[in-house]
**Student:** 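Below: one structure in structure tokens.
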4 protein chains.
Amino acid sequence: MVRYKKEEREQFLSRTRQLLLDSAAEEFAHKGYAEANINHISKSAGFAKGTIYNYFASKEELFLDLLVTTAEQHIEEIIAYVNQEDDPRRRLERFFEAGFAFVSQNLARTRVLINTTYGPNPDFKLQLYQAYQSLFQYVSRQIVALGIDEGIFREVEPNSMGTLLMTIYLGTASQVSEDGQIWLDPKQVADFAWHALRK
Amino acid sequence: MVRYKKEEREQFLSRTRQLLLDSAAEEFAHKGYAEANINHISKSAGFAKGTIYNYFASKEELFLDLLVTTAEQHIEEIIAYVNQEDDPRRRLERFFEAGFAFVSQNLARTRVLINTTYGPNPDFKLQLYQAYQSLFQYVSRQIVALGIDEGIFREVEPNSMGTLLMTIYLGTASQVSEDGQIWLDPKQVADFAWHALRK
Amino acid sequence: MVRYKKEEREQFLSRTRQLLLDSAAEEFAHKGYAEANINHISKSAGFAKGTIYNYFASKEELFLDLLVTTAEQHIEEIIAYVNQEDDPRRRLERFFEAGFAFVSQNLARTRVLINTTYGPNPDFKLQLYQAYQSLFQYVSRQIVALGIDEGIFREVEPNSMGTLLMTIYLGTASQVSEDGQIWLDPKQVADFAWHALRK
Amino acid sequence: MVRYKKEEREQFLSRTRQLLLDSAAEEFAHKGYAEANINHISKSAGFAKGTIYNYFASKEELFLDLLVTTAEQHIEEIIAYVNQEDDPRRRLERFFEAGFAFVSQNLARTRVLINTTYGPNPDFKLQLYQAYQSLFQYVSRQIVALGIDEGIFREVEPNSMGTLLMTIYLGTASQVSEDGQIWLDPKQVADFAWHALRK
DNA sequence: TATGAATGAGAGTTCATTCAT
DNA sequence: AATGAATGAACTCTCATTCAT
């Protein structure tokens, strides 16, 4: 999968900023936004409390930065991997494979994504909603609608099905143990989705 | 659906306690546990800030009380409604119908349930997990396994499918507008699930 | 010793008031004035929270009532017992005997007296100081000055010695175990005082 | 007496911490532990209310710190001064001299010590009891037992007499006016003790 | 007289943020 | 760029007191 992207990014971001974001991901994942402690994030990253404010204007900006950059990587990696296949059924499988792989490799960050998606803060939810529009449209068009066009999937409404697939992905991906093991298998979930969509 | 239960309960609970719980549901739903303001809950319910502590020992106890009683009603109403049918396919429909109806009628409370299910606090999650064991088992056995036994559903693993159905329910039920309208239709979702499970 | 006094008093005080004072003595003894809980006192006495305000205007009045009535009994019992002897040396012994006996029989109440004597509140201390003037003068005149007059004690300053004897009494009386046992023996302490004063 | 110790210590303690402890001593002395106001302590020391928590974890820790460091200095100064003499009678004098001097020079701090010694909180009392073990043993052995060994004092039980001397010290030392004047003279008290112990 | 629900001032404590060094 | 002392708003919780019943 697309590993090199991350290293590339780190060259542009200062190392300190990167360390702070990593620390922030852990803290936000375990405490949630409201109970996360900014000082603790800075300390965990190996800096004094004040340092974090040289990189982020506020707790909220730090959080949003984490949210958006994670979403970008997330989408990028999934789409890149799914795009390598043309067959809609294989694309369905790859969607869950790439998605689950991203979760396993970015535990803290994805916990933050999921907490926020289902959390109470409407501003944060809006940010995420906008960030994920491109993935949502990709799934609706390049997987569901494509399958219908090719006569493999039933004549369903692509947007509703896209929503459902995203929902299933997020719901199953959130059932993850501390060590990164996801309860369900991507094959299993993809198979479920395949039966739901097949003609 | 089982409406009378609620009124019955109110006769045993003091009116003040009930008002406080209603107020708490709104506050927790919109702010989340951490940012909910206990004094504000009491004031919204029409009492002074100290009053809430005559009924609940702490913010946490108030929250857990809300969580557990909501879960109990939730499960009770769904199972009662599903049980009126014997056919697995109809049960599947009724599961989503009853579930979505409960959400529409208990907007704040269900937002709290969902926030908590996908939230960062492991203690709260454990409480919910335990509370929902009975519904999970009902779905796995009295819907999925029943359908397999009757030769209507594919030979799937009932527990995994139970998990998936619960996931789909929670995920779709969380996509609700301020006025209680759920994005997707229960029929649509039930239909999706039916295709996924049918032989 | 003077036991009947207590019963007499109880006939004038309502039983409820007496129970509340007993409860208050325990609470104040173990928690101190500031951390004593008025509701808890009322409940311990077997009444609801509000009841205590039918008998005492405020926490402070309750406390002062307890303080003053205890001091009165305390002084009364000591003087009555010491007065039965004429010899200054025997009076010295009886002073400590009666004092220690009162402490053993009124553990909670004397703890309150001592806490308050050495405590930070100047108003309370003044109340006690005034209440104990008569005992202080009794000790200075009817024990110390008497001993000097009779040529048994050294030519000391009676007031200073009165202060010292009271100090020794309070200090030793405060060293008491939970079950009412005082560390030192009244004989021992009296003997010490006797040697300090003898010609 | 050993004055330089204090200045030395201040070099290791931050100035802020020292100011906070001084402020705390005043507040605890005048209000007692329970009614002392943490915010007020910080303000009195010239800081915002939150500042105190940069130096002490809680009100209790602040109090215990004050208690223990005061006890240490107290013991240190008394023993250092008494040790300069070998004669038991002179040691007795010096004990009260050094003790009264410490009280006069550390009014607030000693009020806290005495309040706590005779106060209701068993945890605080235990802390003090342990802190003063060394002084108690010093008095029992290096003053009382020494005097007996040298044939100057009566054949008394050293521990009981140690207790009595400490009691007298604390009791008389607590009778101090606002401006630091102690009611009794150390000579007077030492003379009293001397007569009580002499052969 | 007894009750206990309701009150609201006030306390200890947390922590995002600022800023002089 | 990094530090960490200082800040003060905001929060949860306690409890003496009131009062309608």
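A note on names: the letters A, B, ... follow the listed sequences, proteins ahead of strands, and every chain is numbered from 1. Atom set for the values below is all heavy atoms of this structure, side chains included, hydrogens, waters and symmetry mates excluded.
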**Student:** Would you indicate, yes or no, if E:dT14 has its OP1 or OP2 atom less than 4.0 angstrom from a side-chain nitrogen or oxygen of D:Tyr53?
**Tutor:**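 For E:dT14, OP1/OP2 do not have a side-chain N/O of D:Tyr53 under 4.0 Å.
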**Student:** Name the one of D:Asn54, D:Leu19, D:Ile52 that satisfies side chain to side chain contact (heavy atoms under 4.5 Å, CB included) with D:Phe47?
**Tutor:**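 Passing option: D:Leu19.
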**Student:** Report the relative orientation of the aromatic rings in D:Phe28 and D:Tyr33; use parallel for angles under 30°, tilted for 30 to 60°, perpendicular for over 60°.
**Tutor:**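 Answer is parallel, since the angle falls under 30°.
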**Student:** Could you give the CD-to-P distance, from B:Glu35 to E:dT14, as a whole number of Å?
**Tutor:**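 It works out to 18 Å between those atoms.
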**Student:** Without decimals, in angstroms, what is the distance between B:Phe63 CZ and F:dT12 P?
**Tutor:**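 Checked: the CZ to P distance equals 14 Å.
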**Student:** Send over the distance from C:Ile38 CD1 to F:dT18 P, rounded to a whole Å.
**Tutor:**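 Computing the C:Ile38:CD1 to F:dT18:P distance gives 11 Å.
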**Student:** To the nearest Å, give me how far apart CZ (A:Arg15) and C1' (F:dA1) are.
**Tutor:**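 After rounding, the gap between these two atoms is 16 Å.
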**Student:** Is a donor on one side and an acceptor on the other found under 3.5 Å between the side chain of B:Lys49 and the backbone of B:Ile41?
**Tutor:**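 No, because the side chain of B:Lys49 does not come within donor-acceptor range (under 3.5 Å) of the backbone of B:Ile41.
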**Student:** For the pair D:Tyr118 and C:Tyr118, name the ring-plane relationship: parallel under 30°, tilted 30 to 60°, perpendicular over 60°.
**Tutor:**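 Ring orientation, 0 to 90° scale: parallel.
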**Student:** Whole angstrom is fine here: how far is it from NZ in A:Lys59 over to C1' in E:dT14?
**Tutor:**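 It works out to 11 Å between those atoms.
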**Student:** To the nearest angstrom, how far is D:Ile41 atom CD1 from E:dT13 atom C1'?
**Tutor:**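 The distance from CD1 of D:Ile41 to C1' of E:dT13 comes to 14 Å, rounded to the nearest Å.
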**Student:** Starting at NE2 of C:His40 and ending at P of F:dT14, how long is that distance when rounded to a whole Å?
**Tutor:**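 My rounded result for the distance is 14 Å.
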**Student:** Using a heavy-atom cut-off of 4.0 Å across all strands, would you classify C:Ala36 as base, sugar-phosphate, or nothing?
**Tutor:**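 Since only primed, P, OP1 and OP2 atoms lie under 4.0 Å of C:Ala36, the category is sugar-phosphate.
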**Student:** Rounded to the nearest Å, what distance is computed from the NZ atom of residue B:Lys31 to the C1' atom of nucleotide F:dA10?
**Tutor:**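 Atom NZ in B:Lys31 sits about 13 Å away from atom C1' in F:dA10.
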**Student:** Listing time: all N or O pairs from protein to nucleotides 6-10 of chain E that are below 3.5 Å?
**Tutor:**
{"residue": "E:dA6", "atom": "OP1", "partner": "B:Thr16", "partner atom": "OG1", "Å": "3.0"}
{"residue": "E:dA6", "atom": "OP2", "partner": "B:Tyr55", "partner atom": "OH", "Å": "2.3"}
{"residue": "E:dA6", "atom": "N7", "partner": "B:Asn54", "partner atom": "ND2", "Å": "3.2"}
{"residue": "E:dT7", "atom": "OP2", "partner": "B:Ala48", "partner atom": "N", "Å": "2.7"}
{"residue": "E:dT7", "atom": "OP2", "partner": "B:Thr51", "partner atom": "OG1", "Å": "2.7"}
{"residue": "E:dG8", "atom": "N7", "partner": "B:Gly50", "partner atom": "N", "Å": "3.3"}
{"residue": "E:dG10", "atom": "O6", "partner": "B:Lys49", "partner atom": "NZ", "Å": "2.6"}

**Student:** Measure from the side-chain N and O atoms of C:Ser42 to the backbone N and O of C:Asn39, and report whether any donor-acceptor pair falls under 3.5 Å.
**Tutor:**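 Side chain of C:Ser42 to backbone of C:Asn39: no pair is present.
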**Student:** Less than 4.0 Å between a side-chain N and a carboxylate O, is that true for C:Arg111 and C:Glu178?
**Tutor:**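 Between C:Arg111 and C:Glu178 there is a salt bridge, with a charged N closer than 4.0 Å to a carboxylate O.
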**Student:** Tell which nucleotide pairs with F:dA20, taking only Watson-Crick or G-U wobble pairs whose two distances are both under 3.5 angstrom.
**Tutor:**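 Across all strands, the one nucleotide that pairs with F:dA20 is E:dT3.
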**Student:** Considering Watson-Crick and G-U wobble pairs with both distances under 3.5 Å, what does F:dC11 pair with?
**Tutor:**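 E:dG12 - that is the nucleotide pairing with F:dC11, both distances being under 3.5 Å.
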**Student:** State whether B:Asp65 and B:Arg17 are salt-bridged, where the test is any N-O pair (Lys NZ or Arg NE/NH1/NH2 against Asp/Glu carboxylate O) under 4.0 Å.
**Tutor:**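 Salt bridge between B:Asp65 and B:Arg17, a charged N being under 4.0 Å from a carboxylate O: yes.
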